[in-house]
Protein chains: 2
Amino acid sequence: MPRSRTEEEPRSRRSRRQQYSAATRQALVDEATRLFTEQGYGATSLDAVVAAAEVTKGALYHHFAGKAAVFAEAFDAVETRAAERITAALDAEDDPWDKARAGLAAFLTVVQEPEYRRIVVQDGPAVLGYERFRESEERSTFACVTDIVRAVLSSERGLQASWAEDEEMLATFARIFFGALSSAGEAVTTSADPEAAAGRVEAAIGLIIAGLQALVDDEDTRG
Amino acid sequence: MPRSRTEEEPRSRRSRRQQYSAATRQALVDEATRLFTEQGYGATSLDAVVAAAEVTKGALYHHFAGKAAVFAEAFDAVETRAAERITAALDAEDDPWDKARAGLAAFLTVVQEPEYRRIVVQDGPAVLGYERFRESEERSTFACVTDIVRAVLSSERGLQASWAEDEEMLATFARIFFGALSSAGEAVTTSADPEAAAGRVEAAIGLIIAGLQALVDDEDTRG
DNA sequence: GTACTCACATACTCTGAGTACGTACCCAAA
DNA sequence: TTTGGGTACGTACTCAGAGTATGTGAGTAC
């Protein structure tokens, strides 16, 4: 039994008009994401986007400030999905080192996807500007890496050296690992044998981590 | 005493006209580099470039295939200079570990310069395409890192584990360190206190390397 | 029902990349 | 010295595409 129209409607908060509007906006973002991924930002015209979404430029400029704003929306969506997937992989593990391994694998998977590679890695910095690019990164994928590093450093079986409590040193380590993983992911993607390349990356990262553990062990044994 | 004009002129290979032409081309590249650095690729019009170089679009399109070709020329120049500077820093050292330290410092310096940040890091991938971007990188700065890693791995005081001879593993390590350094350089640049940030980066990288050495030492002591 | 507003569509402007073509000057051969 | 040709530009254009101004019709509130 529907309530009075004058009050707020809890079942469907948004009016029909608002729902249509949201659908139009979503269609624009979806088609833009697809075209940006296939052709890149520069080679994609807004005419092509609005044609694919079956609307006109008027609709696009009603919802967005301009071409860059559409891209920003697509960019955020892709980055958010990427971060969510990595986070999900992390949440499936309890042990910090298992988290690290799972996160590494998830990261390597994500950075190989066309949407992420084209929109985030290739066009992101140029279109959004490096500053804004970095901010988005900081909130999503980089945050994942920071979580992993923090988990490893603070675990009982982890690295307990004095620099583990230094927040800035932690950020530095996270930044270094993040760059290493991004670059490594690129190497995996462009490799002729991605499986083998991923194995080498995991082995190399594993060695680096084992090395850090060895340092801690040496400290422990010496007192 | 000038020779016959019909023969080749060894002292000045290029005719006056060719010299003028080369100067025009160079002026275009120089001004384009400056404007691309200041405003970015997208916001820089070719009209602004030719105006700054005091020529017309006819001259530009005589020398270059288009806007992207001008950028590619500027890009290559910036990357080449960066690689030369890092190489010079490496050549000043003999010991592999000193090379690594000097190379790290040189790398961190280079990636902080506006030309490199804007043209290579920010706009390079989008304008040239990731494929071509990677190829240029491979020949210049990434080659420097590979040299460092190779030197360290093959030195007597270096890491002599079995994976040191594996070329693909070497490339993987180089790729990882390269990404780590690039990302770390970014962190240094955007830091409020770049000096301190650079110190943290060098400390963190130093720890990672020390960890790898510790692994080798353990192997040695055990047999 | 009526006035009002939001969500678009249409038709335009305008910047900037790329092109077609004209021209002056250098250089080599006659 | 002349002449012919090719190079190195300059000039004037086209055209695609981003952004804008304004019209309009379907909701929505009262």
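None of the values given here were measured: they were computed from a predicted structure.
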Open item on the list: Whether the A/Glu79 and A/Ser140 side chains hold a donor-acceptor pair (N or O, under 3.5 Å, no angle test) is what I'd like checked.
Closed with: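 Present: a donor and an acceptor within the cut-off.
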Open item on the list: Please name the nucleotide paired to C/dT15 by Watson-Crick or G-U wobble geometry with both distances under 3.5 Å, or report none.
Closed with: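 C/dT15 is paired with D/dA16.
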Rounded distance in Å - [atom1] ([X]) to [atom2] ([N]):
X       : N      : atom1 : atom2 : answer
A/Phe64 : C/dA7  : CZ    : P     : 13 Å
A/Arg16 : D/dA26 : CZ    : C1'   : 10 Å
A/Gln19 : C/dC6  : CD    : P     : 18 Å

Open item on the list: A/Tyr130: which residues meet the ring pair (Phe, Tyr, Trp, His ring centres under 6.0 Å) condition with it, sequence neighbours left out?
Closed with: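 In terms of ring pair (Phe, Tyr, Trp, His ring centres under 6.0 Å), with neighbours along the sequence ignored, A/Tyr130 is linked to A/Phe133.
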- [ ] Not counting sequence neighbours, which residues clear side chain to side chain contact (heavy atoms under 4.5 Å, CB included) with A/Leu46? List them please.
- [x]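 Testing A/Leu46 for side chain to side chain contact (heavy atoms under 4.5 Å, CB included), a comparison that skips the adjacent residues, returns A/Leu60, A/Tyr61, A/Lys67.
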- [ ] Go through the structure and list residues passing side chain to side chain donor-acceptor pair (under 3.5 Å) with B/Glu54, not counting sequence neighbours.
- [x] none
Open item on the list: Going by salt bridge (Lys or Arg N to Asp or Glu O under 4.0 Å), name the pairs with one or both residues in residues 26-53 of chain B, residues two or more places apart or in two chains.
Closed with: B/Glu31-B/Arg34, B/Arg34-B/Glu38
Task: Residue pairs, two or more places apart or on separate chains, that pass ring-ring contact (aromatic ring centres under 6.0 Å, His included) and touch residues 104-127 of chain A - done: A/Phe107-A/Phe178
- [ ] Encode nucleotides 9-22 of chain D as B, S and - characters from 5' to 3', where the letter depends on protein heavy atoms closer than 4.0 Å: B to the base, S only to sugar-phosphate, - to neither.
- [x] BBB-----SBBB--
